[in-house]
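Excluded from the calculations below are hydrogen atoms, water molecules and symmetry mates; all remaining heavy atoms, backbone and side chain alike, are included. What you see is a predicted model; the values in this text were computed from it and never measured.
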Amino acid sequence: MTSDVVHDRFALPADVEEQRLHSLTQLDILDTPAEERFDRIIRMAQLIFEVPRAYINFIDRDRQWCKQAVGEGLEISGPRETSVCRATIARTYDKPSEPALIVDDLTAEPEFAALPAIAAEGGIRFYAGYPLFGPGGHAVGTFCIYDLKPRSLDARQREVFRQLAVWAQRELERSDDLERAAAIQRLLLPPEIGDLPGYSVCAMCSPAFAVGGDFYDYYAVQRGAVLTVADVMGKGLGAALLTASVRSALRGASRAVDQVAHDADLSAAINSVASQLAEDFSRTETFVTIFHARLDTMTGRVQYVDVGHGIAAVLRRTGEVERLSAGGLPMGVVPDDTWGTQETMLEPGDMLVVASDGSLDLLGRSAVEQDILNFVAAHAQPGELCAAVGALTTRKPPLDDVTLIAVRRDGP
């Protein structure tokens, strides 16, 4: 029997396969590093069943990819058609009430005997696999154990095997929960400003992980708009949790200040947030950088507070890049620290650009802030600048969250 025949035997209907692959994509787990939470499961399986190898595998369109493995002579990935795990995936749809695939002796089964890993001298003889499911209930991978000699599992061992698979499934669902958190975080970003007469605006946020510690915000106020870029120390879910607190507190404080007067001192909102969150910063031993600004669209006047952020500049219509002065330490570094309001002007043709420090990674390990300013100088339109940064994040996945706001005054 050729491998092509074996592959056909376990092929899924085209519509089911596309849904299954979409479910796998939603997990965002392929080609990610090994994780200790999965390692605990397969090491326990190896110990309980006294097998030389245990795996957590995922079945992509044309390959089997190993997320976690323990044992000797491991193949981390390989063609899908030579995989036994693809049979476990197919069984899930053929026999949903009996999803486990347990084969005492693979050489005795024509469907598997010719596979390279089994036909080879000293190859695999025993296999037990249990499907792992992605969003929508589609089988995307397997928890499995191998042995180099034929054997069987009694009823008790089969139940233990199932329970370990349930554990692996729970951990996988934690990954799914992270994707849901990412979706919510994306929804919390503001919609595009549709009506800012005389100005062009572009903003983007590209997290390094599923969720991030950066955020941007903007909303209309009397005579203009309020703009914010913030970067909480760290990446991932922990930073994202604190990010939500900072965003909520800053929005509330800013709106309260704006209600007093359209030209009220911006630093009042920033210093109020610092006071509100001082205990949170202290307990979590973290900090946040913030660039918070109010644009008067009639005059082009920009009042801003820089809280240790430092990456903000105005690209003048002459091509000169004027870096805005920084304003002290990040929030959370020194208790009871305060910040003051500074000011600049946007003339017709000028563009304000604020970025997070993740943009440095996109320009190379040795990049400095001047490199960002030079990059900005080469892209005079907000949309053009965001597209160029977006292209860099696609070509080179960022090591840190990348966030950017660009506002250009187009005319009087």
Side-chain angles (χ1 to χ4, degrees), residues 188 190 212-234 238-296 299-314 322-346 352-358 369 372 400-401 403-405 407:
L188 290 177
D214 282 12
F215 75 89
Y216 68 84
D217 199 10
Y218 52 63
Y219 53 88
V221 295
Q222 295 182 66
R223 296 174 59 94
V226 168
L227 317 165
T228 307
V229 172
D231 182 0
V232 174
M233 182 188 73
L241 290 172
L242 192 53
T243 293
S245 296
V246 174
R247 176 187 178 276
S248 177
L250 186 53
R251 264 216 173 196
S254 295
R255 289 186 182 277
V257 168
D258 290 335
Q259 287 175 1
V260 174
H262 75 270
D263 59 349
D265 190 348
L266 277 184
S267 63
I270 290 292
N271 295 326
S272 173
V273 170
S275 177
Q276 290 179 55
L277 299 181
E279 191 173 343
D280 291 346
F281 287 127
S282 176
R283 285 201 303 260
T284 58
E285 297 184 331
T286 192
F287 58 82
V288 60
T289 68
I290 302 171
F291 186 93
H292 186 61
R294 182 197 294 120
L295 167 66
D296 186 323
T299 64
R301 180 189 183 204
V302 178
Q303 296 173 290
Y304 69 91
V305 182
D306 188 309
V307 185
H309 194 77
I311 307 180
V314 175
E322 179 184 312
R323 182 177 174 183
L324 300 184
S325 59
L329 295 173
M331 187 181 295
V333 173
V334 177
D336 302 322
D337 203 356
T338 58
W339 298 265
T341 302
Q342 302 181 72
E343 187 174 313
T344 189
M345 291 290 294
L346 292 184
L352 170 67
V353 179
V354 187
S356 65
D357 61 4
E369 290 173 9
I372 296 177
D400 196 1
D401 306 327
T403 301
L404 172 75
I405 283 185
V407 181

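- Checking N271 against T338 by side-chain atom types alone, no donor-acceptor pair falls below 3.5 Å.
- A heavy-atom distance below 4.5 Å is found between the side chains of T286 and V232.
- Distance alone, capped at 3.5 Å, places no donor-acceptor pair between the W339 side chain and the P330 backbone.
- Considering CG of L277 and OG of S272, their distance stands at 9.0 Å, rounded to 0.5 Å.
- For the pair Y216 and V354, the minimum side-chain heavy-atom distance is 4.5 Å or more.
- Between M331 and V246 there is no side-chain heavy-atom pair separated by less than 4.5 Å.
- Closest of all the heavy-atom pairs between T228 and I405 is O-CD1, 3.6 Å.
- Counting only heavy atoms from C-beta outward, the side chains of D217 and H292 never approach each other to under 4.5 Å.
- A donor-acceptor pair is defined here as one N or O able to donate and one able to accept, closer than 3.5 Å; no such pair exists between the side chain of T341 and the backbone of D265.
- For the atom pair CD of E322 and CG of L352, the computed distance is 10.5 Å after rounding to the nearest 0.5 Å.
- Taking CG of L346 as the reference point, atom CG of L295 lies at 6.0 Å (rounded to 0.5 Å).
- Partner of E343 under the side chain to side chain donor-acceptor pair (under 3.5 Å) criterion, chosen from R301, Q303, R294: R301.
- A293 and Y304 make their closest contact through CB-CB, 3.8 Å (heavy atoms, listed as atom of the first residue, atom of the second, distance).
- To the nearest 0.5 Å, atom CZ of residue R255 and atom CG of residue L250 are 10.5 Å apart.
- Just one residue in the list L324, D296, V314, T344 forms a side-chain contact (heavy atoms from CB on, under 4.5 Å) with V302, and that residue is T344.
- Screening D231, D306, I311 against F291 for a side-chain contact (heavy atoms from CB on, under 4.5 Å) leaves a single residue, D306.
- Nearest approach of A355 to L404, heavy atoms of both residues: CB-CD1, 4.0 Å.
- Nearest heavy-atom pair across Q276 and A253 is NE2-CB, 4.4 Å.
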